[in-house]
**Student:** 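Got a structure for you, questions after.
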There are 2 protein chains.
Amino acid sequence: MPKILIDMNFSFAEENYIKTIYHLSQAGEVGVSTNAIADQLHTKPASVTDMIRKLANKEVVDYQKYQGVNISEQGKKVALEVIRKHRLWEVFLVEKLKFNWDEVHEIAEQLEHIRSSILTERLDEFLGYPKADPHGDPIPDKEGKFETGPTVALSEMSVDDIGLFVMVANDDPHLLQYLDKMKIKLGMKLKVIDKVVFDGSMQISFSNETPVFLSHQITQHLMIRKVA
Amino acid sequence: MPKILIDMNFSFAEENYIKTIYHLSQAGEVGVSTNAIADQLHTKPASVTDMIRKLANKEVVDYQKYQGVNISEQGKKVALEVIRKHRLWEVFLVEKLKFNWDEVHEIAEQLEHIRSSILTERLDEFLGYPKADPHGDPIPDKEGKFETGPTVALSEMSVDDIGLFVMVANDDPHLLQYLDKMKIKLGMKLKVIDKVVFDGSMQISFSNETPVFLSHQITQHLMIRKVA
DNA sequence: TAAGTAATTTAGATAAATCTAAAAATATTT
DNA sequence: AAATATTTTTAGATTTATCTAAATTACTTA
Ligand SMILES: [Mn+2]
Ligand SMILES: [Mn+2]
Ligand SMILES: [Mn+2]
Ligand SMILES: [Mn+2]
């Protein structure tokens, strides 16, 4: 007998775990590891094991000792709802309250837990049903659906490749501030001018400007939609 | 040695207690009683005693066993900050997201705990520095200052008295919906036509329309600014 | 003023979320 | 395949916020 999801309520802590497990699932392997979750949430593996047990009981994850966790269909719904709220609030903060894109993640981490489906829908409407947040991350719709065209990390591209900078896959304000300083913005066209084998650093020309040098630590987080 | 307030952080539960104690202080007697707090917060007196102890240690209330609590200057600051956020968010929900005034209190109860002073200031600016929330409650400024002209409950007025309906001193959606149904809105002029001694019910003419009957349970929550 | 009643506090539990230290299981490396 | 290292789980505590039941204090009233 599956539990009724409709009025299932999750604590902030539970929501954060569910979201993190969802993200780690997306980003790769089956069987998300206890340590990976602990790292992400800045908690200890022992705490993660406890919480995973609880989430498994609530059937938002599948879990077998020592085998890692996998998000369930129910869990995916919960995660996408939280992610939807996070990204909508980020849009609100940037578009309406004039925050810079490096200032919004922390605040959205709080706002994503506000419980009111009407609020989420009204906010979405108020913002004009945005498709992406200020960092280019897609915003799931009410049903949890969203589309992402295929992207590659800039670090994976080759010399002479051309593309569109569409997303930053990292929330660190230092990275975002650095991109600001370099005048690199979402939506810019770019071309790979040079790539250093030894350290993976790259020379990139954005919008036909003088090329800039970017280290591998940076380029791995810049997501590019290839063109031609 | 007084504790540094600047980076004092309070839990949601603590903030709710502080806010409630502040409100009860305003609404009357010195020495807010354990039971009054328990009623307001839908908890048990034993829980209140525990929490009061904690708040006394943090010096946001003054407390002596069996003597009730009084909010301290520090506590007042914390309370006013939370109240400011609550009311600003209510304005946002009504003005920007088109909520009705009876739908916003619950959601504001959550939003008032979001921690970000920049957010509060930006929101205030976005809303045009409103002086009152959708129920007519005054919004404290950044320094916690606000002004209320003198008001009386409608129930305290006499036949032939005239005034301006400026505030509803109750969040219950049923009351607010009833006022909607009766087409009674903030800012309306009114005149007391009749007052029944037995039950305190009143006949009131709003904006020179056909008088309406209102029970004491209603009139005690309608705050009036007297004119002439 | 002495009972009786009401309000408040204490004592002892519980649930949630976290931790440290130790044990157990799994993975990796000689 | 052992030995070693890493990961994960268990055991046992801690903190916060809550509760019930019992004890204590204060207030009312006869
Ligand atoms: Mn974010
Ligand atoms: Mn984002
Ligand atoms: Mn309210
Ligand atoms: Mn209000």
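Just so it is clear: chains get the letters A, B, ... in the order the sequence lines come, proteins before strands, and each one is counted from 1.
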**Student:** Indicate yes or no: does R84(B) engage E121(B) in a salt bridge with an N to O separation below 4.0 Å.
**Tutor:** yes
**Student:** Indicate whether the side chain of D102(A) and that of N100(A) have a donor and an acceptor atom separated by less than 3.5 Å.
**Tutor:**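 Side chains of D102(A) and N100(A): pair found under 3.5 Å.
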**Student:** Using a heavy-atom cut-off of 4.0 Å across all strands, would you classify Y17(A) as base, sugar-phosphate, or nothing?
**Tutor:** sugar-phosphate
**Student:** Would you kindly give the CG-to-P distance between D50(B) and dT15(D), to the nearest whole Å?
**Tutor:** 15 Å
**Student:** Could you state the CG-C1' distance from D39(A) to dT7(D), rounded to the nearest angstrom?
**Tutor:**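 The distance from CG of D39(A) to C1' of dT7(D) comes to 12 Å, rounded to the nearest Å.
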**Student:** Find the distance K58(A):NZ to dA15(C):C1' and express it as a whole number of Å.
**Tutor:**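 After rounding, the gap between these two atoms is 11 Å.
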**Student:** Grab the CD-P distance between Q64(A) and dT9(D) for me, whole Å please.
**Tutor:**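 Between P of dT9(D) and CD of Q64(A): 11 Å.
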**Student:** Starting from P on dT16(D), measure out to CZ on F10(B) and report it in whole angstrom.
**Tutor:** 13 Å
**Student:** Just call it for S47(B): base, sugar-phosphate, or nothing, with non-hydrogen atoms closer than 4.0 Å on any strand.
**Tutor:**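 It contacts base atoms.
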**Student:** For the side chain of Y66(B), starting at C-beta, report the closest nucleotide among dT25(D), dT8(D), dA7(C).
**Tutor:** dT25(D)
**Student:** Which part of the nucleic acid, if any, lies within reach of Y63(A) when heavy atoms closer than 4.0 Å are counted: base, sugar-phosphate only, or nothing?
**Tutor:**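 Here Y63(A) touches the backbone only, sparing every base.
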**Student:** So, is T49(A) close to the dT10(D) phosphate, meaning a side-chain N or O under 4.0 Å from OP1 or OP2?
**Tutor:**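 Answer no for this pair, as no side-chain N or O of T49(A) is under 4.0 Å from OP1 or OP2.
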**Student:** Rounding to a whole Å, what distance do you find between I52(A):CD1 and dT8(D):P?
**Tutor:**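 From I52(A) CD1 to dT8(D) P: 9 Å.
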**Student:** If you take all heavy atoms of E109(A) and N16(A), which pair is closest and at what distance?
**Tutor:**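 For E109(A) versus N16(A), the nearest heavy atoms are OE1-OD1, 4.3 Å.
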**Student:** Is there a side-chain polar atom (N or O) of K65(B) under 4.0 Å from OP1 or OP2 of dT10(C)?
**Tutor:** yes
**Student:** Return the value, rounded to whole Å, for the distance between atom CD of Q67(B) and atom P of dC27(D).
**Tutor:** 7 Å
**Student:** Toward the 5' end of DNA chain C, which comes first, F12(A) or R53(B), by nearest nucleotide?
**Tutor:**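 Nearest-nucleotide comparison on DNA chain C picks R53(B).
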**Student:** Ignoring backbone atoms, test whether N35(A) places a side-chain nitrogen or oxygen under 4.0 Å from the OP1 or OP2 oxygen of dT8(D).
**Tutor:**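 For N35(A), the contact criterion (side-chain N or O under 4.0 Å from OP1 or OP2 of dT8(D)) is met.
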**Student:** Can the positive tip of R122(B) be found less than 6.0 Å from the middle of the six-membered ring of F99(A), inside 45° of the ring normal?
**Tutor:**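 Ring-cation test returns yes.
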**Student:** Please report the closest heavy-atom contact between Q220(B) and A153(B), naming both atoms and the distance.
**Tutor:** O-CB, 3.6 Å
**Student:** Rounded to the Å, how far apart are L55(A) CG and dA16(C) C1'?
**Tutor:**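 One finds 13 Å between C1' of dA16(C) and CG of L55(A), rounded.
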